[in-house]
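Presented below is the structure to which this report refers.
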Amino acid sequence: SQLKKRPVPPASQSGTIDEVPTGDPHPPVAKSEYQAAYLPLDRRRALATRVDLPERAAGSALFADISGFTALTNRLTESLGLRRGAEELPRHLDLVYEALISTVHTLGGRVISFAGDAITCWFHADDGTRAAACGSQMQTVMQQFADVQLPDGSTAALTLKVAVAAGEVSRWVVGDPEVQLLDVIAGETLQRLAATESVARPGEVVLDQRLAHLFPHTSLRTGAAVLT
């Protein structure tokens with residue numbers, strides 16, 4: 001990936017699934033490195049070429065939420081102590097996020113933001129099929145983290161749930177280029193994405209019900225369609 005060593009901003013960073021910024025409250029590194037670390041690829045390219053991205057865009061949004069990092073953190077500190085456990089955790093984080101982000105980029109998506117243990121991604125001009133395929137591939141990728149080997153010989157499991165919705169969004173870049181830039185997407189599509197994510201379970205790819213007709217192998221659940 002194009003991210004720095006630690007791809008996830010601190011958990012205390014504000015941000016919701018309805019209007020999702022990306023950034024880091026800590027002092028920024030050099031401008032070019034900062035943008036490479038915290039802005040989507042298409043936004044970085046637009047800034048570099050002085051071309052504005054449209055403020056309204058149609059496509060699909062994907063929200064992927066990882067479960068198990070808290071338990072992994074506790075297990076690492078229990079077996080290695082606070083200092084060594086804290087040093088070991090970023091290695092596991094890097095492996096997971098690099099695998100997921102690579103999958104997003106392969107399918108033509110862009111990572112918009114990080115919030116806690118989740119990422120929000122955008123697939124421009126997609127009716128939901130590329131984002132859904134990405135979600136399925138993400139679940140395949142996560143199988144390698146279902147049995148994480150720990151230094152004391154025990155194991156821990158990481159799981160993923162994915163939600164997808166399609167439609168129009170508003171998208172902006174905000175902030176001061178000399179201090180911090182944030183990429184933001186918002187709108188009714190993100191509201192449907194949040195509703196879809198709320199019914200998703202670990203190991204699943206759940207689609208906004210409006211996308212169900214595109215996929216013959218789904219089961220309906222509370223206004224959403226579970227990809228099977």
Side-chain angles (χ1 to χ4, degrees), residues 1-3 7-9 15-22 38-43 53 56-67 69 96-143 145 158-171 182-215 217-218 221 223-228:
S1 71
Q2 298 296 318
L3 300 175
V8 191
T16 68
I17 194 173
D18 299 293
E19 184 168 318
V20 197
T22 172
Y38 297 109
L39 286 176
L41 291 173
D42 56 346
R43 180 68 71 186
L53 294 178
R56 294 290 295 175
S60 61
L62 178 151
F63 184 79
D65 188 16
I66 305 167
S67 298
F69 275 143
V96 175
Y97 279 100
E98 287 173 4
L100 295 179
I101 292 167
S102 176
T103 302
V104 173
H105 288 168
T106 298
L107 272 294
R110 297 292 179 257
V111 177
I112 297 295
S113 69
F114 299 88
D117 296 332
I119 58 175
T120 298
C121 309
W122 177 247
F123 293 78
H124 182 67
D126 177 42
D127 63 359
T129 54
R130 274 192 294 127
C134 181
S136 295
Q137 290 191 27
M138 282 177 152
Q139 293 294 5
T140 300
V141 165
M142 284 301 294
Q143 291 177 10
F145 305 109
L158 298 176
T159 60
L160 182 76
K161 62 178 181 178
V162 178
V164 174
E168 290 192 348
V169 299
S170 297
R171 186 177 176 188
L182 309 174
D183 204 87
V184 179
I185 59 174
E188 187 264 345
T189 300
L190 272 293
Q191 295 174 359
R192 286 188 282 109
L193 183 66
T196 302
E197 185 273 333
S198 69
V199 302
R201 299 167 185 166
E204 293 182 338
V205 178
V206 181
L207 315 174
D208 174 27
Q209 192 169 351
R210 297 185 187 185
L211 302 179
H213 70 283
L214 297 174
F215 303 91
H217 302 294
T218 58
R221 178 195 301 159
V226 182
L227 200 60
T228 58

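- Of all heavy-atom pairs spanning Ala132 and Phe215, the tightest one is CB-CZ, 3.5 Å.
- The distance from the CZ atom of Arg192 to the CG atom of Leu190 is 9.5 Å, given to the nearest 0.5 Å.
- A salt bridge links Glu188 with Arg210: at least one charged nitrogen is closer than 4.0 Å to a carboxylate oxygen.
- Using a 4.5 Å heavy-atom threshold, the side chains of Asp65 and Leu160 count as separate.
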Step by step, would you call Phe63 with Val164 a side-chain contact (heavy atoms from CB on, under 4.5 Å)? CA-CA 7 Å; Phe63 184 79; Val164 174; over 6 Å; no

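- Nearest heavy atoms, Arg110 versus Pro40: CB-CB, 4.2 Å.
- The shortest side-chain heavy-atom distance between Thr159 and Phe145 does not fall under the 4.5 Å cut-off.
- The line from CE of Met142 to OG of Ser67 is 8.5 Å long, rounded to the nearest 0.5 Å.
- For Leu207 against Thr196, the heavy-atom pair with the smallest separation is C-CG2, 3.6 Å.
- In this view, Arg171 and Asp42, Asp183 satisfy the side chain to side chain donor-acceptor pair (under 3.5 Å) rule, not counting sequence neighbours.
- Contacts of Arg221 classified as salt bridge (Lys or Arg N to Asp or Glu O under 4.0 Å), with partners at least two apart in sequence or in another chain: Glu204.
- The structure places CG of Leu227 at 10.0 Å from CD of Gln139, a figure rounded to the nearest 0.5 Å.
- The two residues His124 and Ala58 make their nearest non-hydrogen contact at ND1-O, 3.7 Å.
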Candidate pair Phe123 and Thr129, rule side-chain contact (heavy atoms from CB on, under 4.5 Å), full reasoning: CA-CA 10 Å; Phe123 293 78; Thr129 54; over 6 Å; no

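- Note that CZ of Arg43 is 11.0 Å distant from CG of Leu182, once rounded to the nearest 0.5 Å.
- In plain terms, the two heavy atoms of Leu193 and Ala61 that are nearest each other are CD1-O, 3.6 Å.
- No side-chain heavy atom of Val206 sits less than 4.5 Å from a side-chain heavy atom of Lys161.
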Residue pair Met138, Val104: steps toward the side-chain contact (heavy atoms from CB on, under 4.5 Å) verdict: CA-CA 8 Å; Met138 282 177 152; Val104 173; 3.3 Å; yes

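- Of the inter-residue distances, the one linking Thr120 atom OG1 with Ile112 atom CD1 reads 8.5 Å to the nearest 0.5 angstrom.
- Under the 30°/60° scheme for interplanar angles, the aromatic rings of Tyr97 and Phe69 are found to lie parallel.
- Put simply, the side chain of Cys134 reaches to within 4.5 Å of the side chain of Thr103, judged on heavy atoms.
- The closest side-chain heavy-atom distance from Glu197 to Val162 is not below 4.5 Å.
- Defined by atom type and a distance below 3.5 Å, a donor-acceptor pair is present between the side-chain atoms of Arg56 and Ser170.
- Taking the side chain as every heavy atom from C-beta outward, Leu62 and Trp122 never approach each other to under 4.5 Å.
- With a 4.5 Å cut-off on side-chain heavy atoms, Leu158 and Val96 count as touching.
- Within the model, atoms CG of Asp127 and CG of Leu211 stand 7.5 Å from one another, a figure rounded to the nearest 0.5 Å.
- Leu100 has its side chain out of reach of Ser102: every pair of non-hydrogen atoms, C-beta onward, lies at least 4.5 Å apart.
- Residues Gly223 and Asp208 come closest through the heavy atom pair O-OD1, 4.5 Å.
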